[in-house]
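Notes follow once the structure below has been shown.
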Amino acid sequence: MGIIERIKEIEAEMARTQKNKATEYHLGQLKAKIAKLRTQLLEPPKGASGGGEGFEVTKYGHGRVALIGFPSVGKSTLLTMLTGTHSEAASYEFTTLTCIPGVIHYNDTKIQLLDLPGIIEGASEGKGRGRQVIAVAKSSDLVLMVLDASKSEGHRQILTKELEAVGLRLNKTPPQIYFKKKKTGGISFNTTAPLTHIDEKLCYQILHEYKIHNAEVLFRENATVDDFIDVIEGNRKYIKCVYVYNKIDVVGIDDVDRLSRQPHSIVISCNLKLNLDRLLARMWDEMGLVRVYSKPQGQQPDFDEPFVLSSDRGGCTVEDFCNHVHRTLVKDMKYALVWGTSTRHNPQNCGLSQHLEDEDVVQIVKKKERDEGGRGRFKSHSNAPARIADREKKAPLKQ
């Protein structure tokens with residue numbers, strides 16, 4: 001029996017099992033088995049030479065956004081509208097057969113937009129080049145899930161389920177669970193918050209399913225069984241997602257109002273070019289890009305080319321800004337002068353841990369190099385040895 005058949009058999013058993021206090025341990029073990037099998041499904045087969053055919057797209061710009069959706073929902077048209085890059089669009093499905101990159105120039109930054117082939121139900125099992133599409137989405141900073149406003153709401157659930165099956169967690173934060181394997185000592189289970197979805201016995205059973213008998217587990221929040229399994233697997237990617245409902249020009253105003261009020265959603269129309277500017281602003285907010293301008297000493301700030309930082313790519317502190325300029329600048333920095341909304345007064349003397357906000361101006365003041373003779377008019381240190389016995393004896397005076 002193959003891996004896919006075993007997954008379907010376990011899913012059928014979970015559907016047959018009633019959910020109550022007596023069966024929650026059995027269901028927890030079944031969820032752990034499915035997670036293990038899905039991880040095996042993503043691994044390349046043993047003895048396979050090469051990584052197989054994929055979408056080779058070099059990372060470019062300050063951020064990467066992937067367009068994911070069913071065939072014929074307007075992904076290629078949206079790429080052409082936003083970037084100017086031509087992506088073939090036609091009235092039949094699967095017009096796009098490979099990954100087509102484009103670049104959005106917005107707020108003095110460059111954002112790479114990827115038009116991926118449409119995925120279908122069963123993409124996580126490899127149907128319709130689904131694995132390659134999802135692999136590119138894993139390397140993105142933001143996912144735009146393009147949906148047809150005239151189709152049923154079930155498309156959103158199907159796509160979310162396919163992405164979660166391969167380890168993508170949309171609009172979620174990593175669970176506050178500390179997990180560390182040990183060589184000896186058994187399983188240490190502790191919690192700092194009341195747990196309602198999982199207990200110590202179920203935690204032991206899940207760890208035994210993974211053949212882990214020595215570990216340290218600490219729950220800092222009321223997490224679920226799925227959260228605990230994600231922490232054990234350790235290969236989950238937590239990524240932001242915006243649900244883009246296209247073709248709002250063919251539905252009624254009541255449906256448009258209902259879709260626009262859903263969380264993490266935005267409505268557009270590529271045909272009539274409606275709400276595209278709001279989509280760009282929403283992308284900018286979700287990606288959390290921070291523009292920082294440099295100011296040389298005694299000169300005006302350079303507002304032409306900002307340094308773009310983000311919390312997903314390194315961080316947004318003065319230390320991260322120094323590493324963007326040059327990796328040796330952190331050692332030479334004495335302090336930084338910062339102008340902008342992140343400071344209490346302008347300018348403010350800041351250290352390496354100062355958090356920067358959008359459109360801040362930073363001037364780095366470097367340490368002065370010490371000469372061998374000391375600093376300034378007076379010596380800051382003596383060249384004489386510390387111990388008296390090590391000092392050179394003077395020659396005796398001539399008599």
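Taking the side chain as every heavy atom from C-beta outward, His355 and Ser342 never approach each other to under 4.5 Å. Proximity of Cys99 to Leu116: side-chain heavy atoms (C-beta onward) are separated by under 4.5 Å at one or more points. Two residues are said to be in side-chain contact when any heavy atoms from C-beta on lie closer than 4.5 Å; Thr160 and Met145 meet this criterion. By the 4.5 Å heavy-atom criterion applied to side chains, Arg156 and Ser265 are counted as neighbours. Between Leu329 and Lys366 the shortest side-chain heavy-atom distance falls below 4.5 Å. In this structure the side chain of Ile239 never reaches within 4.5 angstrom of the side chain of Asp312, judged on heavy atoms. The shortest side-chain heavy-atom distance between Tyr243 and Asn171 falls under the 4.5 Å cut-off. In this structure, the side chains of Met333 and Glu319 stay at 4.5 Å or more apart for every pair of heavy atoms.
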Item to check | Verdict with supporting geometry, His326 and Asp332, side-chain contact (heavy atoms from CB on, under 4.5 Å) | outcome: CA-CA 11 Å; His326 199 275; Asp332 299 334; over 6 Å; no
Item to check | Chi angles and distances behind the side-chain hydrogen bond (donor to acceptor under 3.5 Å, both in side chains) call for Ser269, Asn271 | outcome: CA-CA 5 Å; Ser269 172; Asn271 186 27; 5.6 Å; no
Next on the checklist: Does Lys172 form a side-chain contact (heavy atoms from CB on, under 4.5 Å) with Arg236? I'd like the steps, not just the answer.
Outcome noted: CA-CA 11 Å; Lys172 291 182 181 178; Arg236 304 301 190 232; over 6 Å; no
Checklist entry - Stepwise, does the side-chain contact (heavy atoms from CB on, under 4.5 Å) test hold for Val217 with Phe228? => result CA-CA 10 Å; Val217 181; Phe228 184 52; 3.8 Å; yes
Item to check | Derivation and outcome, side-chain contact (heavy atoms from CB on, under 4.5 Å), residues Leu147 and Leu159 | outcome: CA-CA 10 Å; Leu147 302 162; Leu159 286 173; 3.8 Å; yes
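Shortest non-hydrogen contact noted between Leu168 and Ala137 is CD1-CB, 4.3 Å. For the pair Gln18 and Thr23, the tightest heavy-atom approach, listed with the atom from each and the gap, is O-OG1, 2.5 Å. Residues Leu259 and Ala149 come closest through the heavy atom pair CD1-CB, 3.9 Å. Looking at every heavy atom in both residues, His62 comes nearest to Leu289 through O-CD2, 3.9 Å. Here the closest heavy-atom approach between residue Ile177 and residue Ala223 is recorded as CD1-CB, 3.6 Å. A pairwise comparison of heavy atoms in Cys270 and Thr77 identifies CB-CG2, 3.8 Å as the closest pair.
Not a single donor-acceptor pair under 3.5 Å links the side chain of Gln363 to the backbone N or O of Leu337. No donor-acceptor distance shorter than 3.5 angstrom exists from the side chain of Lys75 to the backbone of Leu67, with no hydrogens or angles considered. Using a distance-only test at 3.5 Å, with no hydrogens or angles considered, no donor-acceptor pair links the side chain of Asp257 to the main chain of Ile253. Checked by atom type and distance alone, the side chain of Asn275 never pairs as donor or acceptor with a backbone atom of Ile266 at under 3.5 Å. Although no hydrogens or angles enter the test, the distance criterion places a donor-acceptor pair under 3.5 Å between the side chain of Lys138 and the main chain of Val166. Under the 3.5 Å distance criterion, the side-chain polar atoms of Thr80 are matched with a main-chain donor or acceptor of Ser76. Checking side-chain atoms of Ser140 against main-chain N and O of Leu142 turns up no donor-acceptor pair under 3.5 Å.
At most 12 heavy atoms of other shown residues, nucleotides or ligands fall within 6.0 angstrom of atom NZ in Lys334. Annotation for Gln157: atom CD counts as buried by contact number, over 12 foreign heavy atoms lying within 6.0 Å. Within a 6.0 Å radius of NZ in Lys237, other residues, nucleotides and ligands contribute more than 12 heavy atoms. Residue-environment remark: NZ (Lys59) exceeds the threshold of 12 foreign heavy atoms within 6.0 Å.
Here the OH atom belonging to Tyr245 is positioned 13.5 Å from the NZ atom belonging to Lys151, to the nearest 0.5 angstrom. Here NE2 of His208 is found 9.0 Å from SG of Cys203. Values are rounded to the nearest 0.5 Å. Here Leu218 contributes atom CG and Thr192 contributes atom OG1; the two are 5.5 Å apart, rounded to the nearest 0.5 Å. Interatomic distance, Leu272 CG to Ile268 CD1, rounded to the nearest 0.5 Å: 11.5 Å. For the atom pair Glu305 CD and Asp108 CG, the distance stands at 9.5 Å (nearest 0.5 Å). Ile232 CD1 to Asp230 CG: the interatomic distance, rounded to the nearest 0.5 Å, is 9.5 Å.
Classification of the Phe219-Phe189 ring pair by plane angle, with boundaries at 30° and 60°, yields tilted. The aromatic rings of His155 and Phe70 sit tilted, their planes meeting at an angle between 30° and 60°.
In this structure, Leu170 is not a member of the same hydrophobic cluster as Ile229, with clusters built from ILVMFWY side-chain heavy atoms closer than 4.5 Å. Two different hydrophobic clusters hold Ile212 and Ile34 under the rule that ILVMFWY side chains link at heavy-atom gaps under 4.5 Å. Neither Ile198 nor Tyr178 shares a network with the other; the hydrophobic side chains, linked directly or stepwise wherever heavy atoms of I, L, V, M, F, W or Y lie under 4.5 Å apart, form separate groups for each. Transitive grouping of hydrophobic side chains (ILVMFWY, heavy atoms separated by less than 4.5 Å) keeps Val308 and Leu356 in distinct clusters. Met287 and Tyr60 are members of different hydrophobic clusters when ILVMFWY side chains are connected at heavy-atom separations under 4.5 Å.
Comment: Asp148 engages Lys247 in a salt bridge, judged by a side-chain N to carboxylate O separation of less than 4.0 angstrom. A salt bridge does not link Arg258 to Asp254: none of the charged side-chain nitrogens sits closer than 4.0 Å to a carboxylate oxygen. Salt-bridge formation is not detected for the pair Lys33/Glu13: no Lys NZ or Arg NE/NH1/NH2 atom is positioned less than 4.0 Å from an Asp or Glu carboxylate oxygen. In this structure, Arg64 does not pair ionically with Asp141, as no charged nitrogen and carboxylate oxygen lie closer than 4.0 Å.
The cationic atom of Lys201 (NZ for Lys, CZ for Arg) lies less than 6.0 Å from the six-membered ring centre of Tyr25 and within 45° of the ring axis.
No hydrogens or angles considered: nothing links the side chains of Asp302 and Ser294 as a donor-acceptor pair under 3.5 Å.
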